[in-house]
Amino acid sequence: MGATESLPGDGPVPEMHHYYSKFMRECPSGQLSLHEFKKLLGLQGLDPQGDLYIKRVFDIFDLNQDGFIDFLEFIAAINLVIRGKIDQKLKWYFKLYDADGNGCIDKKELLSIFTAIQAINGHTDMTAEEFTDMVFQKIDVNNDGELTLEEFISGVERDRNLLELITKSFDLSNVLKAIQNGRRHSI
């Protein structure tokens with residue numbers, strides 16, 4: 001993309017301005033805290049599991065780990081959710097599930113995050129236990145009770161039904177739509 005492609009009314013510039021305006025309207029300081037993030041999404045007063053999930057999402061979007069989401073981190077999050085390729089999304093999901101950051105997902109971590117997501121989304125065709133057992137049965141190829149990033153990505157990409165289920169269950173587009181639309185809940 002050359003400089004001529006970023007003229008006003010053309011390409012990503014107006015869209016960036018649109019997001020920047022919304023971000024600054026919602027967050028005049030330019031720094032979105034966890035509390036403001038929850039408020040922006042209308043997700044205050046969640047049960048502890050739901051709170052845990054939102055905190056994990058926030059922490060992953062907070063790329064420099066300073067306790068705030070700034071505009072560049074916000075744009076990176078929008079870009080991943082809206083335009084990210086499937087392997088980028090799967091890496092992000094893996095990072096979300098790997099609560100202790102040890103590079104593997106165990107059953108307890110997957111069960112915990114799926115339970116938290118159910119608490120927020122409310123819709124699912126199976127229990128968190130059934131989901132966890134099914135995922136491990138399908139993609140834990142060496143049966144060690146842990147999923148590495150490689151096992152997770154190749155296993156999910158190989159199984160269309162699992163890919164669809166994970167994408168649907170962990171879909172963050174509703175979160176991003178709330179941010180894009182500038183939904184603000186009064187206190």
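On a predicted model such as this, the values are computed, not experimentally measured, just so you know. In this chain, residues are counted from 1 in sequence order.
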- Item | Atom pair OH/CD1 of Tyr20 and Ile75 - distance to nearest 0.5 Å | 11.0 Å
- Task: Identify the two heavy atoms, one from Glu146 and one from Asp140, that lie closest to each other, and give their separation to 0.1 Å.
- Result: O-OD1, 3.1 Å
- Would Ile86 and Leu162 show up in the same hydrophobic cluster when neighbours are defined by side-chain heavy atoms closer than 4.5 Å? yes
- Look at the rings of Phe74 and Phe23 and say which category their plane angle falls in: under 30° parallel, 30 to 60° tilted, over 60° perpendicular. tilted
- Query: Are Leu32 and Phe68 close enough, and set up right, to give a side-chain contact (heavy atoms from CB on, under 4.5 Å), and what steps lead you there?
  - Reply: CA-CA 5 Å; Leu32 193 63; Phe68 296 95; 5.9 Å; no
- Spatial distance of atom CD1 (Ile105) from atom NZ (Lys95) [nearest 0.5 Å]: 13.0 Å
- Task: Walk me through it: do Leu111 and Glu129 pass the test side-chain contact (heavy atoms from CB on, under 4.5 Å)?
- Result: CA-CA 6 Å; Leu111 183 65; Glu129 290 81 7; 3.9 Å; yes
- Heavy-atom donor-acceptor pair, Asp106 side chain to Leu110 backbone, under 3.5 Å: no
- Message: Between Glu73 (side chain only) and Asn64 (backbone N and O only), is there a donor and an acceptor less than 3.5 Å apart?
- Response: yes
- Item | Nearest heavy-atom neighbours spanning Phe152 and Leu90 | CE2-O, 3.4 Å
- How long is the span from the CG atom in Asp100 to the CG atom in Asp98, to the nearest 0.5 Å? 5.5 Å
- Message: Tell me whether Asp70 contacts the main-chain N or O of Gln31 through its side chain, where contact means a donor paired with an acceptor under 3.5 Å.
- Response: no
- Would you call Asp51 and Lys55 a salt bridge, using N to O less than 4.0 angstrom? no
Between side-chain atoms of residues 132-139 and protein atoms elsewhere (two or more places apart, or another chain), which donor-acceptor pairs fall under 3.5 Å?
from: Thr132; atom 1: OG1; to: Ala128; atom 2: O; distance (Å): 2.9
from: Lys138; atom 1: NZ; to: Asp159; atom 2: OD2; distance (Å): 2.9

- Note on the structure: Here the gap from Arg158 atom CZ to Glu151 atom CD, rounded to the nearest 0.5 Å, amounts to 9.5 Å
- Item | Minimum heavy-atom distance Gly67-Asp62, with the two atoms named | N-OD2, 2.7 Å
- To the nearest 0.5 angstrom, please state how far the CZ atom of Phe37 sits from the CD1 atom of Ile69. 4.5 Å
- Query: Is it true that a side-chain atom of Ser154 and a backbone atom of Glu150 form a donor plus acceptor pair closer than 3.5 Å?
  - Reply: yes
- Is Gln65 reaching over with its side chain to a backbone N or O of Asp59, donor-acceptor style, under 3.5 angstrom? yes
- Message: Restricting to non-hydrogen atoms, name the atom on Ile113 and the atom on Tyr97 that form the minimum distance, rounded to 0.1 Å.
- Response: CG2-CD2, 3.5 Å
- Find out whether Ile54 and Leu34 are in side-chain contact, i.e. whether some heavy atom of one side chain is under 4.5 Å from a heavy atom of the other. yes
- Message: For Met126 versus Phe114, what's the shortest heavy-atom pair and its separation?
- Response: O-CE2, 4.2 Å
- Query: Distance from Leu96 atom CG to Glu109 atom CD, nearest 0.5 Å?
  - Reply: 10.5 Å
- Query: Are side-chain N/O atoms of Glu36 and Ser33 paired as donor and acceptor at under 3.5 Å?
  - Reply: yes
- Message: Counting the benzene-type ring for Trp, do Trp92 and Phe61 have ring centres under 6.0 Å apart?
- Response: yes
